[in-house]
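Hydrogens, waters and symmetry mates play no part in the numbers below; they use all other heavy atoms, side chains included. Residue numbers begin at 1 in each chain, while the letters A, B, ... track the order of the sequences.
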Amino acid sequence: MSDKDKVRVRFAPSPTGHLHIGGARTALFNWLFARHNNGTFVLRIEDTDRSRSTEDYIESILEGLRWLGLDWDEGPFRQTDRFDIYRSYIDKLLAEGKAYYCYCSPEELEERRKEAQAKGLPPRYDRRCRKLKEPIPGRTPSVRFKMPETGQTIVDDLIRGKITFENSQLDDLIIMRSDGTPTYNFVVVVDDVDMNITHVIRGDDHLNNTPKQIHIYNALGYTPPRFAHLPMILGSDKTRLSKRHGATSVIAYRDAGYLSDALVNYLVRLGWSYGDQEVFSREELIKYFSLENIGKSAAVFNPEKLLWLNSEYMKSTPPEKLCDLVRPFLIQKGIIKEDEELDKEWLKKAIKTLVERCRTLEELSNALRYYISEYVEIEPKAKEKFLNEKSKPYLIELRDALMTIDDFSAGALEKVFMSIIEKHNIKLGALAQPVRVAMTGTTVSPGIFDVLEIVGKEKALKRLNRALELI
RNA sequence: GGUCCCAUCGUCUAGAGGCCUAGGACAUAGCCCUCUCAAGGCUAAGACACGGGUUCGAUUCCCGUUGGGACCGCCA
């Protein structure tokens, strides 16, 4: 493959908010397509709307992409740095008579739009300035693109096939505002040309813009790239995913304790599939990804399935790594101090017992609390049910037995428990549950021998004594 | 309103005319395992929107209906 037909794709978010789920999936599909084809992934910030774009959002979007592991090869380019380029293209179109000045004010336009809509007519621009010979004094014009009025435009979409649009339906869109700044539909074309983009992979909310953009490519004398329009991601009510549906920013999922690989895996399966496979490594994703396997219909975002996938990834992440990942959560909850170091081997052991019952890092950090803290708070209900006169003698006997042993391993502890329950002919639960409440404050935890081993002799005895005092 | 897109279990999807008694996954229910809770194993329930064609044969192809979505900005 020569450099000329090397795949070049881009992700072009506008910094008017955090990186959201939909944008992240678009970025992911572009990234995957680039990596699969040994191509180039370009990052471009679409910030021509200066009033709505902010630096903080740019940084947040980059942070989101980095967290997801979607590294870019070029950029981030910013459109605000490229205004002179756009200006030269606009002058060229103007000079060639392919664009014209429009002196209508936004207010007039708005009024006419309302009127048209009230009459049930399409709210399109009436092209009145198109035939103007002289400028209208006292007004600063915008620039409109001359759209062909007849014929058809065919968008040959890589996902949807050929789509035909009637040119008569297309509007003479504004390509430069009266303040001299260019608009989206124009800059997107200029940039994609300028950056040699070969494939435009984006949400299908852009499908209706595509024929207009194709005409701009043509007017500029360039061949349009290939297009691939991705189906939308919907909320549970089947409308476009938005803030109303809860957490939609990628960063919010990170902060809620999701693993980036899990989110990526979930997102890729929203619209893309590979037979019956559900869980993919990054390498597999890059290897198997193709536009052909992307579906056409919109997908509903399902938090339950994300949670399941996250738990799968929790289980397959090495405990070593989980130690580092959970640390910020422990600090944030005040379970450990900012500079506090935990014994790594001990923490790994603790995490191993918890990981299969925690679906997120957040849950894991919560569960870790009773291993780390000095004392536990005992739930009243649990105390009532298990810390009572009935269990007291067994707890005393256990405490006395535990005081005498040096080997506090799960195996050794099990022997101690067994000898007590056999002696009194009781079930293991009759002893294990009260001990569990004493150790963790709740009736739910990993296996009691593991819990005791990890809590350790000293703390375990303290907690047992404290529990006995409550009876 | 106009234009465009879409349509398989509640949800994500497999399915490229006979392999379909429509497969998998999440969620749900039951059972097993069991010191609790998970995890795991097994089982159950659950879908081709509807109507016409085309064909020996349609989930699969075509048309229409219905339903849903997107876009129609001096937003991107």
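Using a 4.0 Å heavy-atom cutoff across all strands shown, A:Leu109 reaches at least one base atom of the nucleic acid. A:Cys104 comes within contact range of at least one nucleobase, with a heavy-atom separation under 4.0 Å. Note on A:Ser178: a base of the nucleic acid sits closer than 4.0 angstrom, heavy atoms only. Within 4.0 Å of A:Thr442, counting heavy atoms only, lies no atom of the nucleic acid at all. As judged by a 4.0 angstrom heavy-atom cut-off over every strand, A:Arg124 is placed among residues making no nucleic acid contact. Within 4.0 Å (heavy atoms only), A:Ile163 reaches sugar-phosphate atoms of the nucleic acid but no base atom. Note on A:Asp47: nothing from the nucleic acid sits closer than 4.0 angstrom, heavy atoms only. Across all strands shown, A:Gln169 has heavy atoms under 4.0 Å from sugar-phosphate atoms exclusively, and none from any base. Among the protein residues, A:Thr48 comes within range of the sugar-phosphate backbone only, with heavy atoms under 4.0 Å from sugar or phosphate atoms but none that close to a base.
Taking the six-membered ring for Trp and the full ring otherwise, A:Tyr253 and A:His20 have centroids separated by 6.0 Å or more. A centroid separation of less than 6.0 Å is found between the aromatic rings of A:Phe289 and A:Phe29. Proximity of the aromatic rings of A:Phe417 and A:Phe449 is defined here by a centroid distance below 6.0 angstrom, and this criterion is met.
Taking every side-chain heavy atom of A:Arg160 into account, B:C5 is the closest of B:C5, B:A25, B:G10. Taking only side-chain atoms of A:Tyr184, from C-beta outward, the nucleotide of B:C12, B:A76, B:G23 with the closest atom is B:A76. Side-chain proximity of A:Arg240 to B:C74, B:A76, B:A70: nearest is B:A70. Of the candidate nucleotides B:G68, B:U3, B:A70, B:A70 has the atom lying nearest to any side-chain atom of A:Asp205. Considering only side-chain atoms of A:Leu207, the nucleotide from B:C5, B:A76, B:A70 that sits closest is B:C5. Ranking B:C4, B:C6, B:A14 by closeness to the A:Ser273 side chain, first place goes to B:A14.
Remark: side-chain polar atoms of A:Thr440 are paired, donor with acceptor, to backbone N or O of A:Arg436 under 3.5 angstrom.
Between the P atom of B:A70 and the CG atom of A:Leu241 lies a distance of 11 Å, rounded to the nearest Å. Going from atom CZ of A:Arg50 over to atom C1' of B:A76 covers 16 Å, rounded to whole Å. Between A:Lys212 atom NZ and B:G2 atom C1' there is a gap of 12 Å when expressed in whole angstrom units. We find that CG of A:Leu230 is positioned 11 Å from P of B:U13, with the value rounded to whole Å. B:C72 atom P lies 7 Å from atom CG of A:Asn209, rounded to whole Å. We find that CE of A:Met232 is positioned 11 Å from C1' of B:C5, with the value rounded to whole Å. The distance between atom CD1 of A:Ile294 and atom P of B:C5, rounded to the nearest whole Å, is 18 Å. Atom P of nucleotide B:A70 and atom CZ of A:Phe227 are separated by 22 Å, given to the nearest angstrom.
Only the C1' atoms considered, B:C50 is 14 Å distant from B:U59, to the nearest whole Å. To the nearest whole angstrom, the two P atoms, one in B:G10 and one in B:U28, are 16 Å apart.
Between A:Asp192 and A:Arg44 there is a salt bridge, with a side-chain nitrogen of the basic residue lying less than 4.0 Å from a carboxylate oxygen of the acidic one. Ion pairing between a basic and an acidic side chain is recognised when a charged N comes within 4.0 Å of a carboxylate O; A:Glu149 and A:Arg127 show such pairing. A salt bridge is defined here as a Lys NZ or Arg NE, NH1 or NH2 lying under 4.0 Å from an Asp or Glu carboxylate O, and A:Asp172 with A:Arg144 fails to meet this definition. Under the 4.0 Å criterion applied to side-chain N and carboxylate O atoms, A:Arg369 and A:Glu377 are not assigned as salt-bridge partners.
Positionally, the nearest nucleotide of RNA chain B for A:Thr164 lies more toward the 5' end than for the other of A:Thr164 and A:Pro231. In this structure, A:Ser297 and A:Arg144 both approach RNA chain B, and ranking their closest nucleotides by distance from the 5' end singles out A:Ser297.
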Base, backbone or nothing for each nucleotide of nucleotides 34-40 of chain B, written B, S, -, heavy atoms under 4.0 angstrom, 5' to 3'? -BBBBSS

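Contact annotation: the side chain of A:Lys305 approaches that of A:Glu278 to within less than 4.5 Å [non-hydrogen atoms, C-beta and beyond].
Phosphate proximity of B:U11 to A:Lys238: present, with a side-chain N or O under 4.0 Å from OP1 or OP2.
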